[in-house]
2 protein chains.
Amino acid sequence: MDSLQKAIENISPLSPGSMSSFLQVWKHWSVPKDHLLLREHSISDYIYFIKKGIARIYYHKNDKEITEWIAMDEQFFLSISSFFERRPSLLVIQTLEASEVYGIHHNDLMTLADQHHDVERLLRKMVTTSLILSQVRMDSIQFETAQQRYERLLNTSPHIIQRVPLSYIASFLGVTLETLSRIRSGK
Amino acid sequence: MDSLQKAIENISPLSPGSMSSFLQVWKHWSVPKDHLLLREHSISDYIYFIKKGIARIYYHKNDKEITEWIAMDEQFFLSISSFFERRPSLLVIQTLEASEVYGIHHNDLMTLADQHHDVERLLRKMVTTSLILSQVRMDSIQFETAQQRYERLLNTSPHIIQRVPLSYIASFLGVTLETLSRIRSGK
DNA sequence: AAGATTATTTGACAATTATCAAATCGGCCT
DNA sequence: AGGCCGATTTGATAATTGTCAAATAATCTT
């Protein structure tokens, strides 16, 4: 529970009472490789936190799988629009390794956010951080070359290459597998 | 003040007390065409709401101006990262017509969000909406052709073409002026 | 209204990346 | 070890859009 608590404190402080109620509603799962945390067309009920392992978030576009995010290293992740708008998700969330994840259910989170002002504030800050990140990513997709995006990824997550198949990485970077291969081979 | 109040109520209800304190701190300005609401390298202190007129948000990339957003039709707009992280902004916000705008200062907003749980919730919902929108936009930039993005804009904001120079529209769509011209002429 | 400035269009060409096809590599199975 | 299957690389070609240059159109100033 400790790394989760640290991650939360890092975003926004909670009163001892709020923190203890908050931590209490997080569930913990140990799941095998290729486990589905969210399946297509179902409503996303949880915000997850990955303590150990890797998960990828993807969706189908035409016939291809588009990897939207790869979660590791004690990050929070979720299907944003499905979770907040309570609509069936186009996304699939799948573990790529045996993993340990925490999750908080939408009902629990909203109840606590209603009861505790500081939980609402925490949630607001989490969403704000995602928004800023989303804009950075948009800028990267729009203006950087595939090469630059690959290098940025190497800087941000050096180990990701060893743990995730290149086809997922390529899709995450917004290029084809072939293009990524050429980038890696130095043209 | 009425359209602002409606826009707020539309996002999240506020208690009468919160609503009246909240509305009270919004300032109102009537500004001429080409007025700068935010200049480069200054810290963005306001969230704006445009009641009448148009504003564009842009920044410099290499030597070019990149139009990040065009605000009209009673929308909220701001420099997200500068406002929330309190850092100098790379963005410029400039009116394209004589405009009427409301603005709430960061200090006032944060004070009210601390005092009133429902204001904090309103803010959370505003940020969440932006985040979802940001992801839709990312998808559009990554997967749609320039042609499709142009058509999407025409659907969303049919009048924008008459009111905004094509060079700004092109940049907002993520294409060059020349490409937009070719799209419009039907290749 | 003429001239000047700015906005938009058109043309030729180059760069990046996708697509399709095939070859090779790597690990796993029995 | 031999054989298979999926993952990755390599090759050839095409599509989309950018860049640079120039022409034309529209708007503003006086």
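In what follows, chains carry the letters A, B, and so on, assigned in the order in which the sequence lines appear, proteins first and then strands, with residues in each chain numbered from 1.
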Gap between atoms [atom1] and [atom2], on [X] and [N] respectively (whole Å):
{"X": "B:Q148", "N": "D:dT17", "atom1": "CD", "atom2": "P", "answer": "9 Å"}
{"X": "A:Q162", "N": "C:dG27", "atom1": "CD", "atom2": "C1'", "answer": "17 Å"}
{"X": "B:Y168", "N": "C:dA7", "atom1": "OH", "atom2": "C1'", "answer": "11 Å"}
{"X": "A:L166", "N": "C:dG27", "atom1": "CG", "atom2": "C1'", "answer": "15 Å"}
{"X": "B:I183", "N": "C:dT9", "atom1": "CD1", "atom2": "C1'", "answer": "14 Å"}
{"X": "A:E178", "N": "C:dA18", "atom1": "CD", "atom2": "P", "answer": "9 Å"}
{"X": "B:L177", "N": "D:dT17", "atom1": "CG", "atom2": "C1'", "answer": "14 Å"}
{"X": "B:L173", "N": "D:dT16", "atom1": "CG", "atom2": "P", "answer": "17 Å"}

query: Is any side-chain nitrogen or oxygen of A:T179 closer than 4.0 Å to OP1 or OP2 of C:dA18?
result: yes
- prompt: Is the shortest side-chain N/O distance from A:K64 to OP1 or OP2 of C:dA18 below 4.0 Å?
  reply: no
Rounded (10°) bend between the five-pair end axes of the helix from C:dA1-D:dT30 to C:dT30-D:dA1: 40°
message: Contact list please: residues 136-146 of chain B against DNA chain D, heavy atoms, distance less than 4.0 Å, in numerical order.
response: B:T145, B:A146
Any N/O donor-acceptor pair, B:R182 side-chain to C:dG11 base, under 3.5 Å: yes
